[in-house]
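One is the number of the first residue; the rest follow in order along the sequence. Numbering of ligands and ligand atoms starts at 1, following listing order.
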Amino acid sequence: MEPITSIKGIGAETAEALAEMNILTVKDLLEYFPYRYEDYRLKDLAEVKHEERVTVEGKVHSEPSLIYYGKKRSRLTLRVLVGRYLIQVVLFNQPYLKSKISINDTVSVTGKWDQHRQTITANEVHVGTDSISKDFEPVYAVKGKITVKGIRRFINLAFSQFGSNIEENLPEHFLVKYKLMNRLTALRIMHFPTDQNELKQARRRFVYEEFFYFQLKMQALRKIEREHSKGIAQAYQLENIKTFLQSLPFSLTNAQKRVVNEILADMKSPFRMNRLLQGDVGSGKTAVAAIALYASCTAGFQGALMVPTEILAEQHAESLKLMLEPFQIKCELLTSSVKGKSRREILQLLKAGDIDILIGTHALIQDEVEFHHLGLVITDEQHRFGVEQRRVLREKGESPDVLFMTATPIPRTLAITVFGEMDVSIIDEMPAGRKLIETYWAKPNMLDRVLGFIEKELRAGHQAYVICPLIEESDKLDVQNAIDVHSQLTHYFFDRYQIGLMHGRLHPDEKESVMKAFSRNEIQVLVSTTVVEVGVNVPNATMMVIYDAERFGLAQLHQLRGRVGRGSDQSYCILLADPKSEVGKERMKIMTETNDGFLLSEKDLELRGPGDFFGKKQSGLPEFKVADMVHDYRALETARNDAAQLIQKNEFWSAPEYMNLRNYLKESGVLKGEKLD
Ligand code: ADP
Ligand code: MG
């Protein structure tokens with residue numbers, strides 16, 4: 001690839017400045033797309049929305065007035081008659097324009113329209129015949145010494161010197177099928193558009209290109225993982241599984257049946273399963289996990305179930321024992337609080353193959369834990385495990401099948417991006433007869449009424465959760481909040497009801513005893529930080545109050561809300577929130593309107609963007625230059641299917657027309673010498 005200095009007119013110094021912007025090669029420069037386009041076509045102000053950018057033409061109605069504040073900062077203000085509107089135009093730090101503009105001049109003004117103040121904050125004003133002849137001009141993000149004008153000039157140089165070298169990089173039949181522009185034309189238009197429509201077409205091409213290349217990598221990874229992983233073909237006993245199903249106190253929903261079939265098919269195949277199972281809170285994932293674990297046991301293997309918290313591990317261990325021990329399956333719990341002799345014993349039995357299913361926290365992936373014949377690993381709420389842990393897990397034992405379960409509904413577009421190398425199963429149906437949780441949004445000044453509502457539920461013999469504000473990045477403040485609310489409520493309910501306190505700083509033993517007391521109804525109100533978020537099951541709890549609900553994501557609110565509504569009684573969720581922004585209000589409203597986790601997750605993505613979705617630490621989101629995962633999700637799906645189909649074809653791995661794609665896979669490290677030409 002030609003370095004940037006091979007362009008005549010770009011020397012070492014400029015190259016250095018460009019390197020700061022990650023532009024190292026000619027290709028980088030040509031693909032350095034504008035982040036927006038200034039639109040110089042005149043518009044009617046009546047049709048322009050608040051805060052939109054606009055160019056208008058009008059007559060100057062007042063002498064410009066100039067104010068300096070500080071040495072270099074100034075503000076130029078004038079009135080301009082645009083059609084029927086007399087508007088104000090403000091220009092910052094361009095004092096020299098004052099002498100160029102006089103009353104009755106015709107000016108064209110480009111900037112941002114403030115509808116309420118009838119003001120354009122302009123970055124450009126052109127007087128009389130000096131007006132701009134173009135309709136569009138690209139605007140680039142720049143850094144240091146590089147100016148927008150400079151970038152435009154460099155790109156021009158690059159095109160005239162290297163334009164003829166630009167090659168198509170998508171297979172011809174996709175260009176034809178989707179009527180996509182060829183690469184050279186599209187590149188030119190991205191930098192020098194003449195109208196909106198062609199710009200749209202050029203953008204469409206690059207959206208597809210970016211997604212296609214990304215998905216090609218993901219799909220190739222998936223194929224290679226499958227075919228080169230020496231997985232185990234688990235020969236489970238179907239008859240036993242059927243008997244087990246009959247022993248359950250319910251029959252599976254259609255969605256459960258479907259995902260069980262998908263999982264069993266993977267387990268039976270010689271490929272290693274690498275599957276994500278999504279299902280809303282209460283959709284019955286645990287039952288599915290139990291069936292898969294049992295199946296693995298009937299094939300003579302061991303299974304492991306990993307969860308993020310000790311409490312959850314205990315609950316799962318309890319319910320799995322109940323379901324599976326009648327079938328001579330030995331289940332054991334291993335957490336970090338299992339110590340000393342009993343720990344050694346468990347490890348020994350496990351190694352000897354005398355424990356069939358091990359349930360625990362991430363302590364399960366420590367080196368000292370050795371299985372005899374591990375066939376299946378299931379993780380619950382896997383988004384709490386990092387990418388690295390996901391990998392360690394897959395490498396445990398002799399390539400066990402791996403199933404990741406999550407109750408956080410991940411919007412499809414994110415699922416196929418972040419988890420693109422996995423297969424995805426979805427339980428999109430609730431067991432029959434579930435009551436919907438009634439959700440209300442209350443302002444903090446209605447706290448008294450909310451407390452009254454809680455008391456009413458308590459008097460009926462029910463219990464309540466009170467979740468305390470989430471303080472970003474500060475576990476300590478979270479805890480302080482929980483302590484404050486706890487003492488408030490203790491004061492309020494004083495000797496009528498018992499109020500418990502739960503937070504992440506408690507010792508595991510303390511947490512356990514609080515949780516046990518709550519599940520035995522020795523505590524009626526549990527004040528907690530978000531540690532109760534995951535999996536906890538107390539069916540008698542029918543009330544959930546969430547303080548400062550606007551601080552939580554919709555997906556998380558939905559998770560929290562899922563702690564109630566687990567029994568046969570009507571449950572309630574109250575969001576105490578006073579959001580200031582429109583988006584905040586919108587989010588609270590949506591919560592009161594739907595119980596559908598997938599819908600909420602799509603909304604969350606729309607309102608907060610993909611970066612916020614998984615939290616900052618481990619988003620694992622790829623960066624695209626042109627494409628937008630949320631708005632271009634259809635193209636993402638199309639590109640995914642195309643890539644998946646293409647790599648299944650034999651000619652992809654041999655035909656010359658796909659050589660550049662194979663090389664790309666090689667360069668990006670997906671192919672390591674295998675299967676090439
Ligand atoms: P999840 O793990 O998806 O949140 P669980 O597996 O804990 O959900 O199931 C929630 C509750 O629903 C449990 O009490 C479980 O016994 C019950 N359940 C699971 N599947 C069904 C079904 N098909 N019909 C009726 N109840 C079910
Ligand atoms: Mg669960």
Side-chain angles (χ1 to χ4, degrees), residues 241-242 244-264 275-295 303 305-309 311-326 331 357 359 361 378-385 403-410 424-437 465 515 519 530 532-542 544 555-571 573 595-598 600-601:
I241 297 174
K242 283 184 181 160
F244 174 62
L245 287 180
Q246 269 149 24
S247 78
L248 293 175
F250 45 75
S251 50
L252 297 183
T253 62
N254 286 328
Q256 281 172 315
K257 279 183 202 155
R258 192 184 61 237
V259 305
V260 165
N261 284 331
E262 288 165 354
I263 292 165
L264 289 181
R275 186 172 282 279
L276 179 71
L277 172 60
Q278 293 191 58
D280 214 337
V281 179
S283 62
K285 292 182 299 298
T286 311
V288 171
I291 296 163
L293 288 166
Y294 178 64
L305 176 62
M306 255 170 63
V307 298
T309 66
I311 298 171
L312 200 54
E314 282 162 29
Q315 285 195 350
H316 275 319
E318 220 167 284
S319 55
L320 284 180
K321 274 182 191 167
L322 212 66
M323 282 190 260
L324 289 167
E325 289 196 335
C331 304
I357 295 173
I359 300 116
T361 51
I378 301 183
T379 77
D380 200 4
E381 303 306 338
Q382 66 79 42
H383 65 289
R384 303 192 149 215
F385 295 116
L403 179 68
F404 298 93
M405 304 200 295
T406 179
T408 309
I410 302 165
V424 178
S425 290
I426 298 179
I427 307 184
D428 51 4
E429 179 189 0
M430 285 290 189
R434 283 285 155 76
K435 282 208 172 77
L436 293 181
I437 300 161
Y465 291 99
M515 229 27 246
S519 63
T530 53
V532 294
E533 182 187 339
V534 188
V536 176
N537 195 19
V538 180
N540 190 45
T542 55
M544 157 89 32
Q556 200 181 9
L557 287 174
H558 182 64
Q559 279 277 308
L560 288 165
R561 178 168 68 179
R563 297 309 104 218
V564 297
R566 308 204 130 220
S568 50
D569 297 297
Q570 180 61 53
S571 289
C573 174
N595 271 268
D596 179 340
F598 277 97
L600 285 169
S601 77

Numbering as shown, the atoms of ligand 1 that approach [X] to under 4.0 Å (heavy-atom distance):
| X | value |
| --- | --- |
| Leu252 | 23 (N) |
| Ala287 | 6 (O) |
| Thr286 | 2 (O), 5 (P), 6 (O), 7 (O) |
| Gln256 | 19 (C), 20 (N), 22 (C), 23 (N) |
| Ser283 | 3 (O), 8 (O) |
| Arg566 | 4 (O) |

Are any of the side-chain heavy atoms of [X] and [Y] separated by less than 4.5 Å?
| X | Y | answer |
| --- | --- | --- |
| Ile427 | Gln278 | no |
| Lys285 | Ile378 | no |
| Val538 | Met515 | yes |

>> How close do Thr253 and Pro431 get, counting heavy atoms only, and between which atoms?
In response: CG2-CA, 3.7 Å
>> Does Thr361 form a side-chain contact (heavy atoms from CB on, under 4.5 Å) with Met306? I'd like the steps, not just the answer.
In response: CA-CA 5 Å; Thr361 51; Met306 255 170 63; over 6 Å; no
Is ligand 1 under 4.0 Å from a heavy atom in the side chain of [X], in the backbone, in both, or in neither?
| X | result |
| --- | --- |
| Thr253 | both |
| Asp280 | backbone |
| Ser251 | backbone |
| Met405 | neither |

> Going from CZ on Arg561 to OH on Tyr465, what distance comes out if it is rounded to the nearest 0.5 angstrom?
Replying inline: 15.0 Å
> Should we say atom CD of Gln570 is surrounded by more than 12 heavy atoms from elsewhere, each under 6.0 Å from it?
Replying inline: yes
> Is the shortest N/O to N/O distance between Gly282 and ligand 1 below 3.5 Å?
Replying inline: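 It does: an N or O of Gly282 is found under 3.5 Å from an N or O of ligand 1.
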> Gly279 to ligand 1: N or O pair under 3.5 Å?
Replying inline: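 Between Gly279 and ligand 1 (N or O atoms, distance only) the closest approach is not under 3.5 Å.
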> When you check the side-chain N and O atoms of Asp280 and His558, is any donor under 3.5 Å from an acceptor?
Replying inline: yes
